[in-house]
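Every chain is numbered from 1, with letters handed out A, B, ... down the list of sequences.
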Amino acid sequence: MRAAPLLATATFLVARQLPAQDFLLRLDARVQSVAYRGIQLDSVLATAVVPGANGGLETTDGYAVDCPPGATHCQFYRAGAAQRGGPMVTSADLTAWGFGVRGLSLHANGRLGLDLGNADVWPGTNPAVQLFEGYLEYTNAWLTGRAGRQTERGRLGYTGFDGGMVTLRDGNHGLSGMVYAGFGLARGTALPVTSPALNPLDEFQPRQRQLVAGGEARWQAQRLDTRLEYQREVDRDTRNFVSERVALSATLRPAMGWRLDAGSEYDIARGEFGTSDIELRYGRTSWSAAAGMRRYRPYFDLWTIWGAFSPVAYTAAQGSVRASPSRWLDLHAGGERYWYDASGAEAPLQVTEDAGWRWNSGAGVTPATGWYFSANYRAEFGPGASSRGWDASASWQPLPVLSLSAEGGHLSRPLEFRFSDSRLDWFGGQVDLKAGDRLRCFASAIRYIEDRDRPDAGAFSWNQTRFTAGISWLLGSGADEIPLPPANRRGGDK
Amino acid sequence: MTPRRFLAASLLMTLAIGRLEAQTSRDRFDHEEHRKLFPSCQSCHAGAAVEGQSLWPQSTGCATCHDGTIQKAVNWGPPPSRPTLLRFTHGEHARTVSARSTADSSLACVSCHAPEGARWMQVSRGELERCLSCHGITAAHLEAPDSACATCHRSLPEAPALSRERIAAFPTPPSHEAAGFETKGHGREARLPASDTHHAGVATSCATCHAREFCTQCHVNAPETPTIQALASDPRSLAIAAKLKSPAGHGTDRFQRRHGGQSRAASATCATCHTQESCVSCHRSNPAIAAALPRSSPSRGIGAVVHRQKPATHDNGFTEGHGLLASATPGSCSACHARSECLDCHRPNAGGANGYHQAGFLSRHPSAAYNRQSDCSECHNSASFCTTCHAQSGLSSSQGLLQGKYHDAGGTFLLSHGAAARRGLESCVTCHTERDCLVCHSAQTRRFNPHGPGFDAERLRKKNPQTCAACHGRAIPGG
C-alpha cells in the first residue's frame with residue numbers, strides 16, 4: 001500500500017523530467033464521504049417472539065421474524081452496523097510522444113484508490129494501484145502496432161489483456177484488419193482472473209490467466225460501415241475454452257439524416273445468439289427520433305457454471321424522440337417494452353413477472369445565458385424490481401469559470417422478491433471552478449433521506465449526507481493543446 | 001526650482017514652441033489671385049515641361065513683391081514630396097508626349113489642372129477623369145481594366161515611401177464588394193490567362209495595391225500558389241487587413257458529415273485556407289487527407305482556425321445510445337476521441353470516475369440491475385465490485401440458503417425460484433456463489449437439473465468439460 005503513492009509520485013516526476021519529449025498528463029483526484037448500513041441476520045428463540053400489530057410474529061423489539069415450522073429459533077434481519085468510508089481515487093492519464101520516431105507514443109492510464117475511512121467499504125480499492133492501460137504504440141498511415149496492457153473495445157465488450165495488437169489499414173478503400181493476442185484480464189476489471197481481489201466468495205477461480213486472441217475486419221464506405229469481430233479465450237491450465245464468440249456490427253446511412261444501426265453476437269461455445277440490436281434513427285437539427293428492437297442475453301465465462309443454468313434472454317421494442325422546438329427548450333422521451341423468453345422453470349407456487357417496461361421523459365430549459373434547468377421523470381417495471389421517480393436540477397454559470405448547480409429528486413423502488421420497498425428523497429448542490437486552462441476543482445454535497453416502507457423495526461434509518469471534492473489537473477508540454485478538449489491531439493506526433 | 005521659476009520656464013517654452021511652429025508653417029499660394037501676374041505656367045513650373053528642371057519656383061521669388069514693404073512678407077516654400085502610387089512625372093510625361101507629337105493638347109497644363117471652361121489660373125490638382133479620358137479608358141477609375149493600371153500606377157513595393165496609413169486608406173474597388181469575390185472571385189481576377197506572357201503571373205490591378213504578405217493573411221498555400229508568388233514582398237501590404245470568412249455552408253451539419261469526402265476530392269481547395277492543424281484540431285487520428293495540406297509554418301498565415309464542435313449525431317441523448325454506433329464505426333469515433341476517453345466512463349471498477357451514472361444512482365441500482373437495461377458486467381466485475389459491497393451489507397448467503405428468508409415477499413420463493421433465477425441470474429450472482437446452487441443443482445447432490453430449454457450439453461462438453469465436471473464429476477453424460 002505504501003508503494004502506491006510512491007509509484008504515483010515517481011510517474012509524475014518522470015513525466016516532468018522528459019523535456020525532450022512532448023507529453024500530456026491528466027490527473028484527476030476525487031475524495032468522497034460515504035456510508036453504508038446493511039442488514040445482519042439474527043435469530044431469536046421461537047418461544048421469545050410475540051404477535052405483532054399486523055398479525056405476524058415479531059421480536060420483542062419489533063422485528064418481523066421468520067419461524068420455520070418445528071424450528072427452535074426464528075430468523076430476522078436487523079440493522080447492520082453503519083460503515084463509513086472515505087474513498088479517494090486518483091487517476092492519471094498520460095500520453096507521451098516525440099521519442100525520435102515519428103508516430104511512436106506511450107500511453108498509460110492508471111488509478112490509485114484508497115479508502116480513507118475506518119472501514120474498507122468502497123469496492124474496487126484493492127489493490128490500491130491498478131493499471132488500466134499502459135502500452136507503446138506505433139502508428140502510420142497504414143499500420144498501427146501496440147504492445148503492453150491495453151483494452152480492445154467492440155461489440156463483444158471490453159477485453160483487457162497484456163499483449164500485442166497490429167492493425168493494417170487501406171485508407172483508399174476503407175478497409176482495415178486487426179489481430180491481437182495476449183494474457184487476458186478478468187471481465188470488467190483491470191485485474192487478472194487469478195487475483196485474490198476477485199472471487200471473494202467463489203471456489204471456481206482459474207489458476208492461470210487465460211490466453212486471449214482475436215481479430216476484426218472493418219469496411220468503411222460512404223453509406224455503410226461494417227465490422228466483424230472474433231475472439232476466443234483459452235484457459236492455459238486446462239486448455240479448455242473460456243469463451244469463443246463472434247460479432248457483426250453495421251451502420252447504414254441510406255439518406256441524409258437516416259441511420260440504421262444493427263449488430264449481433266453469436267456465442268460459438270454455447271451455440272446461441274447473444275445480445276442483438278437493430279435501430280432506425282432519423283435526425284434533424286431540431287429533432288430526432290429512433291425506433292428499434294433488441295434482444296438481451298446475459299453472458300458468462302465458461303469457467304463459471306452459470307451458463308449451465310440457462311439464463312434466458314429478453315426481446316425488447318423501443319423508441320425515443322428528442323426535440324428542440326426553440327433555442328431555449330429541449331424535450332425528450334423514450335420507452336421500451338420487453339418480454340422474457342420462457343424460462344422452462346415456472347412454478348405454480350411463485351409467479352414471477354415475465355415482461356417489463358421502462359420509460360422516461362424530460363425537459364431542459366435555458367431561459368437566459370448561463371442558466372439551465374432540467375427535469376426528468378422515469379419509471380420502470382420488471383421481474384425483480386421496479387422504480388419510479390423524478391429528478392430536477394438548476395445550474396447557473398455566473399462567470400465563465402464558475403458554475404453552481406442544485407439538484408433534487410424522489411425515487412420509489414419496490415422490489416418484487418422482498419419487503420423492502422423504500423422511498424428516497426435527495427437534494428444537494430455542486431460548485432465547479434475552472435481555475436485556469438489546466439485546473440478544474442469541484443465539490444458537492446448531497447443529502448439522502450430514505451423511508452423504508454416496512455411496518456416493523458426493519459425500517460431503520462439510512463439517512464446520510466455525502467460530500468465529494470476533487471480536482472482535474474492537465475499538464476502538458478504542448479501549450480497549444482491546452483485549450484483544446486482532452487480528446488484533441490493526445491496521440492499527435494511531432 | 002521654485003514654483004514661480006517653473007511657471008516662468010513653462011511660459012517661455014510655450015512661447016518658443018509657438019514661434020517655431022509659426023516659422024515652419026507655410027503660406028498657401030493662391031493661383032487665381034495672382035492670375036494677372038503670370039502669363040504662363042512654365043514661368044514658375046518649368047519642370048512641368050522640361051525634364052530636369054524644378055517643378056517649383058524658388059521661394060525667394062515671392063520676396064520680389066512680398067518683401068514686407070510692397071506687399072506683406074510671406075512664408076512660402078515648395079510643398080513636401082507626397083509619395084503616391086503614381087508612376088507619373090511631369091517631365092517624363094512631357095517628354096514622352098512631345099516625342100509623339102508636339103501639338104498634343106495634353107502638353108498644356110490646363111488640360112489636366114483646370115476644369116473645362118475655367119478662367120486663367122483657376123487651377124486644381126490633376127483631374128483624374130482627364131487622365132482616363134486622354135488615355136482612352138472609358139471605365140471608372142477603380143473599374144478600369146487590368147491592362148490600364150500600369151499606365152499611371154506603380155506596384156506597391158515600387159512606392160517605398162508610401163506610409164502604412166496611406167495604404168490602409170486605399171479606396172476599395174467596387175469589384176471587391178461583389179458576391180463571391182472573397183471566395184473564388186478574387187482568384188479568378190488575380191490569375192492571368194495562360195496566353196498572357198507579358199506580365200509577371202499576376203494581374204496588375206492586384207499588384208498595384210497588394211503584395212504577397214497581404215495574401216498570406218488568408219492563403220496558407222501562398223508559397224505554393226504561383227499567382228501569389230508573382231507578387232513582390234512588402235510587409236506594408238498588411239496595412240490592409242484581410243479577414244478570412246467561412247464559406248457558405250461550412251457551418252452546416254451536412255458539410256460536417258460530408259467534408260471528408262469533399263476534401264479527398266478537392267484537397268487543393270481545402271489547402272487554400274487550411275493547414276494540417278485544421279484537421280488535427282478535431283481529428284485526433286491525423287487523417288490521410290491532412291498530408292495533402294500544408295503544415296503551418298512562419299512563412300504561412302495561420303489560415304482558418306477550426307473550432308471543434310460536436311457532430312449532429314451527438315445530440316443530448318447520444319450518450320445513452322452511442323454504443324451501437326461505436327461498435328460498428330470505431331474508426332469514426334477514434335477520428336476525434338482518444339482511447340482513454342472511453343475509460344473515463346467505461347472504466348472497470350469505476351469507483352472514482354465522473355460521469356456515467358448520475359448522482360443518486362446507488363439508490364436506484366437495484367431495479368436497474370434486476371431489469372438489465374444494460375450489461376452492468378461490462379464495466380463492473382460482479383465478483384470484485386458487486387459482491388464486495390453486498391457481502392459487507394449483509395447480502396450474502398454465507399450462513400445458508402434456508403436461513404433468514406431474505407426474499408420474504410414470496411413465501412415459497414426458494415422452492416420456486418427457478419424462473420426468477422433464469423431471468424435475473426446476473427443479479428443472483430452478486431450475492432450467491434456457485435456453491436449455493438450446487439447444494440441442489442448437482443448430479444452429486446440433490447440432482448435438480450439446472451439446464452433449461454435449448455441447452456447444448458454436447459457442445460459445452462467439447463468446449464469446456466471442466467464446467468460439466470463441477471456437477472457431474474467424472475461421469476459427464478456423453479463423455
Side-chain angles (χ1 to χ4, degrees), chain A residues 30 38-41 66 75 80 89 93 109 123-124 141 155 157 171 188-190 197-199 201-202 220 225 227 238 240-241 249-251 261 263 269 271 277 298 302 305 309-312 322 340 343-347 349-350 352 382-385 387 413 417-419 424 426 487 489-490, chain B residues 280 288 317 324-325 327-329 331 336-338 340-341 343 348-349 351-352 360 363-364 366-367 370-371 377-381 383-385 388-389 393-394 399 403-405 407-410 412 416 418-420 422-426 433-434 450-453 455-456 459 463-464 466-467 470:
Chain A
R30 177 185 172 105
I39 54 177
Q40 185 173 9
L41 185 62
D66 173 49
Q75 282 84 36
V89 179
D93 179 21
N109 189 305
R155 177 152 192 107
T189 183
L198 299 181
N199 305 296
L201 302 174
D202 195 40
Q220 189 168 1
D225 295 340
R227 183 188 194 189
T238 63
N240 293 325
F241 275 84
S249 310
T251 288
D261 300 321
D277 312 74
L302 292 184
I305 65 167
F309 285 78
S310 302
V312 295
R322 284 186 172 270
Y340 274 96
S343 69
E346 282 74 13
L349 297 176
Q350 179 75 34
T352 305
S387 71
R413 47 165 217 184
F417 304 134
R418 177 164 168 73
F419 287 128
L424 179 73
W426 72 89
R489 300 181 63 188
R490 279 213 182 152
Chain B
V280 298
L324 205 52
L325 181 64
S327 293
T329 63
C336 299
H337 294 284
S340 56
E341 276 183 87
L343 286 178
N349 299 334
S363 307
R364 198 168 66 87
S367 54
Y370 260 123
N371 298 331
S377 59
E378 187 172 308
C379 295
H380 301 293
N381 184 282
S384 68
F385 194 82
T388 307
C389 261
S393 301
Q399 298 180 52
Q403 302 294 322
K405 272 193 179 175
H407 299 295
D408 53 7
T412 55
S416 53
R422 286 206 170 128
R423 287 169 189 149
L425 192 58
E426 290 167 299
T433 67
E434 286 100 330
H451 306 320
F455 180 72
D456 191 340
R459 179 188 286 260
K463 294 291 182 182
N464 194 329
Q466 189 184 27
T467 304

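Heavy-atom pairs under 4.5 Å with chain B peak, among A/Pro298, A/Gly157, A/Gly38, A/Ala269, at A/Ala269. Of the listed residues A/Asp277, A/Asn240, A/Asp225, A/Asp261, the one with more heavy-atom pairs under 4.5 angstrom with chain B than any other is A/Asn240. Heavy-atom pairs under 4.5 Å with chain A peak, among B/Ala470, B/Ser367, B/Cys389, B/Gly394, at B/Ser367. The residue among A/Gly344, A/Ala345, A/Gly80 with the most heavy atom pairs within less than 4.5 Å of chain B is A/Ala345.
Contact between B/Asn371 and A/Ala385 at its shortest, heavy atoms only, is ND2-O, 3.1 Å. Between A/Phe241 and B/Asn464, the closest heavy-atom pair is O-ND2, 2.8 Å. Across all their heavy atoms, A/Ser310 and B/Arg422 have their closest contact at O-CD, 3.2 Å.
Contacts between A/Ser387 and chain B at a heavy-atom distance below 4.5 Å involve backbone atoms as well as side-chain atoms. In this structure, the portion of A/Tyr340 lying under 4.5 Å from any heavy atom of chain B is its side chain and not its backbone. Interface residue A/Ala250: only backbone heavy atoms are found under 4.5 Å from chain B. When heavy atoms are compared at a cutoff of 4.5 Å, A/Leu424 approaches chain B solely by way of its side chain, counted from C-beta outward. Residue B/Asp456 touches chain A through its side chain alone, counting heavy-atom pairs closer than 4.5 Å. Contact of A/Gln220 with chain B is made through the side chain alone, with heavy-atom distances under 4.5 Å.
Considering only heavy atoms from C-beta on, B/Arg423 comes within 4.5 Å of A/Ser343 through its side chain.
To the nearest 0.5 Å, the span separating OG1 on A/Thr238 from CD on B/Gln466 amounts to 5.0 Å.
By the side chain to side chain contact (heavy atoms under 4.5 Å, CB included) test, B/Ser393 pairs with B/Leu395, sequence neighbours left out. By the side chain to side chain contact (heavy atoms under 4.5 Å, CB included) test, B/Ser327 pairs with A/Arg155, A/Ser249, sequence neighbours left out.
Within the 3.5 Å criterion, the main-chain N or O of A/Leu302 finds a donor-acceptor partner in the side chain of B/Thr467.
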